[in-house]
Protein chains: 2
Amino acid sequence: MSSYKDKKVITIGVVSELTGLSERQIRYYEERKLIFPDRSKGGTRKFSFTDVERLVDIANKMEDGLQTFEIRKMEQKKLRQEELRERMLRGQLNAAFNLRK
Amino acid sequence: MSSYKDKKVITIGVVSELTGLSERQIRYYEERKLIFPDRSKGGTRKFSFTDVERLVDIANKMEDGLQTFEIRKMEQKKLRQEELRERMLRGQLNAAFNLRK
DNA sequence: CGTGTAAGGAATTCTGACACG
DNA sequence: CGTGTAAGGAATTCTGACACG
């Protein structure tokens, strides 16, 4: 499940280059709980490629005029839907299993 | 063909943590032409996950008592063999194609 | 609200060299 | 040959604040 894409190894300067966002913007989006980089012992932020992808997505939504809290809500909504989908799948599996026995 | 694995985005400190090698060792292996990190404008080295994998492989070979130039030769040999394999494959494809027409 | 910027400091990295073996 | 280390400097990153809108 977790591969290189999720390894938090990229510094903010590189992330800035990869996304086109300023370091200021990236730090701000972290402050607004849109991304969650790791920290080195010294305190420098470490991002994953997944974070980079998320930042590009965030940048697009910001361009669409969305506010950070709206983007955060969208993300939470997506997570809730995934949970729901999982629970329904689980329920169907259980039903099928109960029918068998 | 090129994915996140080949993106040169990781600084030497992180590479050191990921591989268990000292920064000194990593810089030395670069000096011996075993790895080829990119550089930022400022001059800091940037490695890829592929580089990290290669370094782990190098570390194993060093433990086996190999010298850096031997490891370099092995790498070159591998490349030559891949070229050869490719050329043979190409030849077979051409032969098959010529038979058809 | 989102972002730029100057400020001062701390963490990170760089190179060239000396040392050991 | 391969690696550790101290040295000095440069590049990178960090935080908190002021500014604008």
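This structure is a prediction, so every number in the text was calculated from the model and none was measured. Below, read A as the first sequence line, B as the second, and so on, with proteins coming before strands; counting in each chain starts at 1.
- In this structure, a donor-acceptor pair under 3.5 Å is absent between the side chains of Ser48(A) and Asp6(A).
- In this structure, Arg90(B) places its CZ atom where only 12 or fewer heavy-atom neighbours from other residues, nucleotides or ligands lie under 6.0 Å away.
- For Thr44(B), the listed nucleotide lying nearest its side chain is dT13(C); candidates were dT13(D), dG2(C), dT13(C).
- Between Tyr4(A) and Lys5(B), the shortest heavy-atom distance links the atoms CD1-CG, 3.4 Å.
- Close to dT12(D), at under 4.0 Å from its OP1 or OP2, lies no side-chain N or O of Thr11(B).
- Across all strands shown, the partner of dG8(D) is dC14(C), judged by Watson-Crick or G-U wobble contacts whose two distances both fall under 3.5 Å.
- Across the protein-nucleic acid pair, Ile26(B) atom CD1 and dG2(D) atom C1' stand 14 Å apart, rounded to whole Å.
- Residue Glu30(A) contributes atom CD, which lies 12 Å from atom P of dG16(D) at whole-angstrom precision.
- dT3(C) and dA19(D) make up a base pair, with Watson-Crick or G-U wobble contacts both under 3.5 Å.
- When all heavy atoms are compared, the tightest approach of Leu21(A) to Ser16(A) is O-OG, 2.6 Å.
- Listed candidates were dT3(C), dG2(D), dC14(C). Nearest to the side chain of Met62(A) is dT3(C).
- Atom CZ in Arg32(A) sits about 9 Å away from atom C1' in dG2(C), given to the nearest Å.
- OP1 or OP2 of dT3(D) lies within a sub-4.0 Å distance of a side-chain N or O belonging to Tyr29(B).
- For Arg24(B) against dT5(D), a side-chain-to-base donor-acceptor contact under 3.5 Å is present.
- For the residue pair Tyr28(B) / Arg32(B), a side-chain donor-acceptor distance below 3.5 Å is found, with atom types taken as modelled.
- Here the side chain of Gln67(B) is nearest to one of dT12(D), dG2(D), dT3(C), namely dG2(D).
- dG2(D) atom P lies 14 Å from atom CD1 of Ile35(B), rounded to whole Å.
- The shortest distance between side-chain heavy atoms of Met62(B) and Ile71(B) falls below 4.5 Å.
- Comparing dG2(C), dC14(D), dT12(D) by their closest approach to the side chain of Arg39(A) singles out dC14(D).
- Base contact: Arg27(A) has a heavy atom under 4.0 Å from a base atom.
- At the phosphate of dT3(D), neither OP1 nor OP2 sits under 4.0 Å from any side-chain N or O atom of Tyr28(B).
- Between Phe47(A) atom CZ and dT13(D) atom C1' the separation is 11 Å, expressed in whole Å.
- Using a 4.0 Å cut-off, no side-chain N or O of Arg45(B) falls inside it from OP1 or OP2 of dT13(C).
- Between Leu34(B) atom CG and dG2(D) atom C1' the separation is 12 Å, expressed in whole Å.
- Phe69(A) comes within 4.0 angstrom of no nucleic acid atom, judged by non-hydrogen atoms across all strands.
- A straight line from NZ of Lys41(A) to P of dT13(D) spans 15 Å, rounded to a whole angstrom.
- Here dT13(D) presents its P atom at 15 Å from CD1 of Ile12(B), a figure rounded to the nearest Å.
- Positionally, the nearest nucleotide of DNA chain C for Ser22(A) lies more toward the 5' end than for the other of Ser40(A) and Ser22(A).
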